[in-house]
Amino acid sequence: MDIAARPWQTAAMREPGRSRERLARILGAAFAEGLLSEETLSYRLELLYAPGLIEPRGLIGDLPGAARSRARETRELLAARLAEVRSRMLRLFGRDDPSPLVLALDLAATGRPLTIGRSSSCDVAIGEPTVSRRHALLRFRDGHWIVQDLGSKNGLTVNGRAVGRSEVGPGDLLGLGMALVELD
C-alpha cells in the first residue's frame, strides 16, 4: 500500500453510489409528487448515471427542499473553518453555492490513473479558475483509491484537511482550489 492510515481518516467508508442513490430518490419523489414529467425524470436519470462528473444542482436544484438538504450535507462534511474561508472566497468570485460536483469511482478499476484539473486534456476537467491545469491524480492501487496533489498552486484537501497524498473513498470530499468534488 502507498500510505499508512492517518488518524483523521475514518475506518468506515460510505457505500459506493450512495450519493447517486440519494439523488435518484429525490428525483423519484419529485416524479411521484407530480413535480417532474416522465420524460424529464428519464432525462435527469440518464444524466445522473452517465459517466463523469455530476452537478447535483443541475439535477435537483429546481426542486423544493433539495438545495437546503445539499447545503446541510456540505456544511456537515466540511470543517467549520474551511467552510467559512471557502464561502468568503466564493462570494469574492461572485458565486454563492458551494455544492460539490459528484465523481463516481469505478470500484473495478484496473487501469490508468485519472488526472483532475482545469485543462481539457485531463480525464476529469473542472472549469474553475482556482483549479490548476493539472491539479491532482487519482489512482487505484492495492484495492484502494489514492489521490495525490500534482504541485497545484491552491492545494488539495480531503474532507477539509490539506493533503499531499491520501487514501480516499466514497463519501470523501475533495477540495481543489475553490471547487468541491464528492466521491461516490
Side-chain angles (χ1 to χ4, degrees), residues 1-29 44-45 47-61 63 65-87 90 97-110 113-116 123-124 126 128 131 135-149 152 155-184:
M1 183 145 123
D2 265 353
I3 57 174
R6 304 280 190 259
W8 51 267
Q9 289 178 325
T10 57
M13 290 187 179
R14 289 184 3 189
E15 290 293 317
R18 191 168 171 194
S19 294
R20 281 205 253 190
E21 288 174 11
R22 183 185 61 77
L23 292 170
R25 278 193 309 273
I26 291 170
L27 290 171
R44 290 186 184 191
L45 287 174
L47 291 176
L48 178 63
Y49 289 106
L53 286 174
I54 302 162
E55 186 179 2
R57 186 175 176 204
L59 288 174
I60 62 170
L63 302 174
R68 283 192 307 268
S69 67
R70 168 50 66 195
R72 184 176 63 247
E73 282 183 18
T74 302
R75 282 193 304 273
E76 291 170 0
L77 290 173
L78 290 173
R81 184 170 172 211
L82 178 65
E84 181 181 330
V85 170
R86 194 174 300 274
S87 295
L90 289 170
D97 182 22
S99 296
L101 299 168
V102 176
L103 177 61
L105 296 178
D106 181 9
L107 295 179
T110 58
L114 297 173
T115 55
I116 304 173
D123 298 306
V124 179
I126 301 173
E128 164 67 47
V131 174
H135 200 105
L137 187 70
L138 255 176
R139 75 173 52 128
F140 192 72
R141 184 176 277 172
D142 297 328
H144 302 280
W145 282 98
I146 308 293
V147 66
Q148 180 177 354
D149 190 353
S152 63
L156 173 68
T157 62
V158 175
N159 298 327
R161 294 195 178 238
V163 298
R165 184 171 67 181
S166 178
E167 183 179 325
V168 293
D172 285 334
L173 191 66
L174 302 181
L176 301 102
M178 290 293 111
L180 297 174
V181 177
E182 181 181 351
L183 300 179
D184 189 36

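The figures that follow rest on heavy atoms only: side chains count, while hydrogens, waters and symmetry mates do not.
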In Å and rounded to the nearest 0.5 Å, what is the [atom1] to [atom2] distance from [X] to [Y]?
X      : Y      : atom1 : atom2 : answer
Glu182 : Leu101 : CD    : CG    : 10.0 Å
Leu176 : Leu156 : CG    : CG    : 5.5 Å
Arg139 : Ile146 : CZ    : CD1   : 8.5 Å
Glu21  : Leu48  : CD    : CG    : 10.0 Å

| task | List in chain and number order the residues that pass side chain to side chain donor-acceptor pair (under 3.5 Å) with Arg44, two or more places apart in sequence or in another chain; answer none if no residue qualifies. | result |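 Here the qualifying residues are Asp62.
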| request: Take Ile26 and Leu59 through the test side-chain contact (heavy atoms from CB on, under 4.5 Å) and record every step on the way to the result. | output: CA-CA 10 Å; Ile26 291 170; Leu59 288 174; over 6 Å; no
| said: Among Ile54, Leu138, Ile126, exactly one meets side chain to side chain contact (heavy atoms under 4.5 Å, CB included) together with Leu103. Which residue is that? | reply: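 Only one of Ile54, Leu138, Ile126 forms a side chain to side chain contact (heavy atoms under 4.5 Å, CB included) with Leu103, namely Leu138.
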| Only one of Leu174, Leu137, Val181, Leu183 forms a side chain to side chain contact (heavy atoms under 4.5 Å, CB included) with Val147, so which one is it? |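 The side chain to side chain contact (heavy atoms under 4.5 Å, CB included) with Val147 is passed solely by Leu174 among Leu174, Leu137, Val181, Leu183.
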| field | Criterion side-chain contact (heavy atoms from CB on, under 4.5 Å) on Leu63 and Leu27, from CA distance to verdict | value | CA-CA 9 Å; Leu63 302 174; Leu27 290 171; 4.2 Å; yes
| task | Verify, without hydrogens or angle tests, whether His135 (side chain) and Gly155 (backbone) share a donor-acceptor contact under 3.5 angstrom. | result |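 It does hold such a pair.
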| said: Any side-chain to backbone donor/acceptor pair from Asp184 onto Val102? Under 3.5 Å, distance only. | reply: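 Not confirmed, Asp184 side chain does not pair with Val102 backbone.
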| said: Testing the basics here: between Arg20 and Ala50, what is the closest heavy-atom pair and its distance to 0.1 Å? | reply: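 In this case the closest contact between Arg20 and Ala50 is NH1-O, 4.2 Å.
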